[in-house]
K.L.:
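Right, I'll just put the structure down here and ask away after.
Just so you know, ligand 1 is whichever comes first in the structure, and atom 1 is the first atom listed for that ligand.
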Amino acid sequence: MKIKVSKSIHFSSQIQFLFKEQATGIPDFMAEAGEIGVRYSEQNTIIYGGMGERDSVSTAIIRNVSAKAIQKAIELKRDRISVVLPSPDALAESGKAIIEGIILGSYKFDKYRSEKAHQVGTVELIGNISSTDVRKLAIVCETVNYSRDLVNENASVLTPERFAKEAGELEKFKNVKVTVLGPKELEREGLGLISAVGQGSSTPPRLIIIEYNGSNRKTRTALVGKGITFDSGGQNLKPTGSIETMREDMAGAAVVLGVMKALASLQSSVNVIGVIAAAHNAIGNKSFFPGDIYRSYSGKTVEIHSTDAEGRLILADAVSYCQAIYKPSELIDLATLTGAILTTFGEYVSGLFSNNDELAQRLFESGETTNERLWRLPLYKEYSDSLKGELGDLRNLSRFKKGYASSIIGAAFVQEFINDIPWAHLDIAGTSFNNGSSRGEIPQYGTGFGVRLLLEFLLNK
Ligand code: BES
Ligand code: ZN
Ligand code: ZN
């Protein structure tokens with residue numbers, strides 16, 4: 001899709017955004033927030049997007065209705081659309097939210113469909129927005145769509161090896177360096193937990209490190225993503241009803257790769273290191289067993305109480321290795337870590353855990369801005385205490401009754417491997433995959449949750 005800025009309307013298919021007070025003359029269209037109306041005149045088709053009451057409008061509402069409007073244009077198989085930005089601008093940021101809605105709302109994963117989805121060829125924007133802003137937003141939103149593609153792709157295609165190859169592509173950009181540890185290096189360097197989780201699969205694990213250095217500043221943020229390319233549960237095999245969508249278990253890694261790609265294409269003036277722990281949690285005669293004890297990169301040993309609590313294991317090695325070798329000034333991990341986060345928040349909010357109030361607050365605010373919402377849960381000592389092992393140093397499940405505080409326990413386990421730096425953990429198991437039908441800018445299946453949030457955090461906060 002081509003997006004350009006224009007001074008006047010050139011196309012007969014148009015999108016316009018209206019507040020309730022502006023919708024008086026249009027029959028059967030009240031301009032409620034998110035409402036879409038279509039009117040045909042002799043020459044033109046006008047798709048109206050409702051923004052609701054002027055007083056209660058938000059960028060979230062505008063982004064959402066913009067996505068629905070472009071979806072209507074796609075349904076009507078339009079090729080060229082003029083989009084009239086609200087004037088005077090309802091909110092300083094409404095033009096941006098409209099562009100985001102258009103690009104995010106046009107996404108469709110149709111790689112495996114014989115009948116491809118219709119695509120809008122050209123969008124012209126009429127209003128007060130700079131082409132530079134449009135270009136930047138397009139890069140950001142296209143990388144969200146890239147992350148969605150990665151999540152939606154077959155687990156047998158997007159293997160750890162393929163993840164490494166995707167990351168390697170980023171070396172074509174300036175200021176990017178990619179390092180990959182394969183199964184032999186992982187063993188040799190002592191990353192015993194990633195090795196254990198990945199050992200049952202015919203596609204062995206990788207630790208992928210993407211360094212982007214765009215600034216002279218000494219600070220560097222690390223982003224660490226859980227990249228379980230398929231989570232069968234291992235010997236603690238997941239039952240039917242829980243296993244079907246487990247190709248989504250690399251969504252954290254997909255966000256990290258997307259963010260690094262966006263930073264590199266924008267050549268942003270920040271230093272960020274993206275770490276992807278990629279492994280296939282397979283069941284088979286070579287896979288690790290409940291009751292086994294493994295030594296992590298940090299030296300701590302871990303008793304395996306469930307091979308299905310594998311995400312915390314690979315994250316533990318990834319964050320330890322990242323801190324030891326790359327010395328980041330702060331670290332954020334993203335993971336589809338627990339089903340319990342879905343029990344808590346449904347698909348609408350991600351769990352936020354942190355050892356640092358300021359970092360937690362900045363992340364929270366970034367999420368409010370991009371409408372990728374976070375809510376913080378506590379990490380009290382009782383939770384960490386419940387992870388003490390007997391034969392090993394730690395256990396990968398708590399001593400609590402099954403299901404108790406499961407999301408917090410997952411976070412507390414990762415915290416055991418965090419040194420004295422600001423750290424946050426985002427549990428995106430609920431938000432990264434939409435099991436229902438599309439909701440405006442949020443498509444079915446892979447949602448790309450976290451890409452815009454982290455870019456907002458890194459570039460504007
Ligand atoms: N990948 C799952 C968590 C998950 C569940 C992600 C649903 C997306 C949707 C994770 O590895 C897992 O299996 N977690 C267990 C932990 C339990 C064994 C302590 C869970 O949540 O049941
Ligand atoms: Zn699991
Ligand atoms: Zn998992």
K.L.:
Please work out the angle at the Zn ion (ligand 2) defined by atom OD1 of Asp308 on one side and atom OE1 of Glu310 on the other, rounded to 10°.
P.N.:
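Value returned, to the nearest 10°, is 120°.
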K.L.:
Closest non-hydrogen protein atom to atom 2 (C) of ligand 1, residue and atom name please, with distance?
P.N.:
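Looking at atom 2 (C) of ligand 1, the protein heavy atom closest to it is Asp231 OD2, 3.5 Å.
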K.L.:
Kindly assign one of parallel, tilted or perpendicular to the pair Phe400 and Tyr383, based on the angle between their ring planes and the thresholds 30° and 60°.
P.N.:
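Perpendicular: the ring planes of Phe400 and Tyr383 meet at over 60°.
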K.L.:
Show me which atoms of ligand 1 lie under 4.0 Å from any heavy atom of Lys238.
P.N.:
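By the 4.0 Å cutoff, the relevant atoms are 2 (C), 12 (C), 13 (O).
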K.L.:
Any idea which protein heavy atom is nearest atom 9 (C) of ligand 1, and the distance to it?
P.N.:
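Closest protein heavy atom to atom 9 (C) of ligand 1: Met246 CE, 3.6 Å.
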K.L.:
So, regarding Glu310 and ligand 1 (criterion: nitrogen or oxygen to nitrogen or oxygen, under 3.5 Å), is there a contact or not?
P.N.:
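By distance alone, the answer is yes.
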K.L.:
Starting from atom 21 (O) of ligand 1, locate the nearest protein heavy atom and write down its residue, its atom name and how far away it is, to 0.1 Å.
P.N.:
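Ranking protein heavy atoms by distance from atom 21 (O) of ligand 1, first comes Gly339 N, 2.7 Å.
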K.L.:
Counting only heavy atoms, which portion of Lys226 has something under 4.0 Å from ligand 1: side chain, backbone, both, or neither?
P.N.:
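Within the 4.0 Å criterion, Lys226 contacts ligand 1 through side-chain atoms alone.
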K.L.:
Of the backbone and side-chain N, O or S atoms of Lys226, does one lie nearer to the Zn ion (ligand 3) than 2.8 Å?
P.N.:
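Under 2.8 Å: Lys226 contacts the Zn ion (ligand 3) through an N, O or S atom.
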K.L.:
Could you walk me through whether Glu166 and Arg162 pass salt bridge (Lys or Arg N to Asp or Glu O under 4.0 Å), step by step?
P.N.:
CA-CA 6 Å; Glu166 287 289 322; Arg162 172 68 183 275; 3.3 Å; yes
K.L.:
Does the protein place a non-hydrogen atom closer than 4.0 angstrom to atom 11 (O) of ligand 1?
P.N.:
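Flag for atom 11 (O) of ligand 1 set to true, protein heavy atom closer than 4.0 Å.
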K.L.:
Using 2.8 Å as the threshold, say whether any N, O or S atom from Asp249 sits that close to the Zn ion (ligand 2).
P.N.:
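Of the N, O and S atoms in Asp249, none lies under 2.8 Å from the Zn ion (ligand 2), which means no.
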K.L.:
Is there a nitrogen or oxygen of Asp249 sitting under 3.5 Å from a nitrogen or oxygen of ligand 1?
P.N.:
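Yes, Asp249 has an N/O under 3.5 Å of an N/O on ligand 1.
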K.L.:
Which of the numbered atoms in ligand 1 are under 4.0 angstrom from any heavy atom belonging to Leu337?
P.N.:
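Under 4.0 Å from Leu337, ligand 1 has these atoms: 3 (C), 10 (C), 12 (C), 14 (N).
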K.L.:
Could you tell me whether Lys238 and Asp249 make a salt bridge, using a distance below 4.0 angstrom between a side-chain N and a carboxylate O?
P.N.:
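A salt bridge is absent here (no side-chain N lies under 4.0 Å from a carboxylate O).
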K.L.:
Side chain or backbone, does Arg312 bring an N or O within less than 3.5 Å of an N or O on ligand 1?
P.N.:
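Arg312 vs ligand 1: no N/O contact under 3.5 Å.
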K.L.:
Any N/O/S atom, backbone or side chain, of Asp231 lying under 2.8 Å from the Zn ion (ligand 3)?
P.N.:
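Yes.
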K.L.:
Please verify the inter-ring angle class for Phe413 with Phe417; under 30° counts as parallel, over 60° as perpendicular, anything in between as tilted.
P.N.:
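Phe413 and Phe417: tilted rings.
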K.L.:
Please determine if Asp308 has a nitrogen or oxygen closer than 3.5 Å to a nitrogen or oxygen of ligand 1.
P.N.:
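Between Asp308 and ligand 1, an N or O pair is found under 3.5 Å apart.
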K.L.:
Roughly how far, to the nearest 0.5 Å, is CZ of Arg206 from NE2 of His280?
P.N.:
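The distance works out to 14.0 Å.
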K.L.:
Thinking salt bridges, do Lys177 and Glu171 make one under a 4.0 Å N-O criterion?
P.N.:
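Result for this pair is no, no salt bridge flagged.
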K.L.:
Do the ring planes of His425 and Phe353 sit parallel (below 30°), tilted (30 to 60°) or perpendicular (above 60°)?
P.N.:
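Plane angle between 30° and 60°, so tilted.
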K.L.:
In terms of residue, atom name and distance, what is the protein heavy atom nearest to atom 8 (C) of ligand 1?
P.N.:
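In this structure, atom 8 (C) of ligand 1 has Glu248 OE1, 3.5 Å as its nearest protein heavy atom.
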K.L.:
Answer yes or no: is there an ion pair linking Glu310 with Lys226, defined by an N-O contact shorter than 4.0 Å?
P.N.:
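Here Glu310 pairs with Lys226 in a salt bridge, since their nearest N and O are under 4.0 Å apart.
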K.L.:
Do NZ/NE/NH1/NH2 and the carboxylate oxygens of Glu347 and Arg439 come within less than 4.0 Å?
P.N.:
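Yes, this pair counts.
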K.L.:
Is a salt bridge present between Glu75 and Lys72, judged by a nitrogen-to-oxygen distance below 4.0 Å?
P.N.:
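Result for this pair is yes, salt bridge flagged.
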K.L.:
Counting each atom of ligand 1 from 1 as listed, which ones have a heavy atom of Leu397 under 4.0 Å away?
P.N.:
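Within the 4.0 Å cut-off of Leu397, ligand 1 contributes 19 (C).
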K.L.:
Give yes or no for whether the N/O distance cutoff of 3.5 Å, strictly under, is met between Ala340 and ligand 1.
P.N.:
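In fact, backbone or side chain, Ala340 has no N or O that close.
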K.L.:
When only distance counts, is Ser406 in polar contact with ligand 1, meaning an N/O pair under 3.5 Å?
P.N.:
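For ligand 1, there is no N or O atom that lies under 3.5 Å from one belonging to Ser406.
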K.L.:
Any salt bridge linking Arg362 with Glu358? Criterion: basic side-chain nitrogen under 4.0 Å from a carboxylate oxygen.
P.N.:
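Looking at Arg362 and Glu358, the cut-off is met.
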K.L.:
So does Lys68 pair up with Glu441, basic N to acidic O under 4.0 Å?
P.N.:
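No, this pair does not count.
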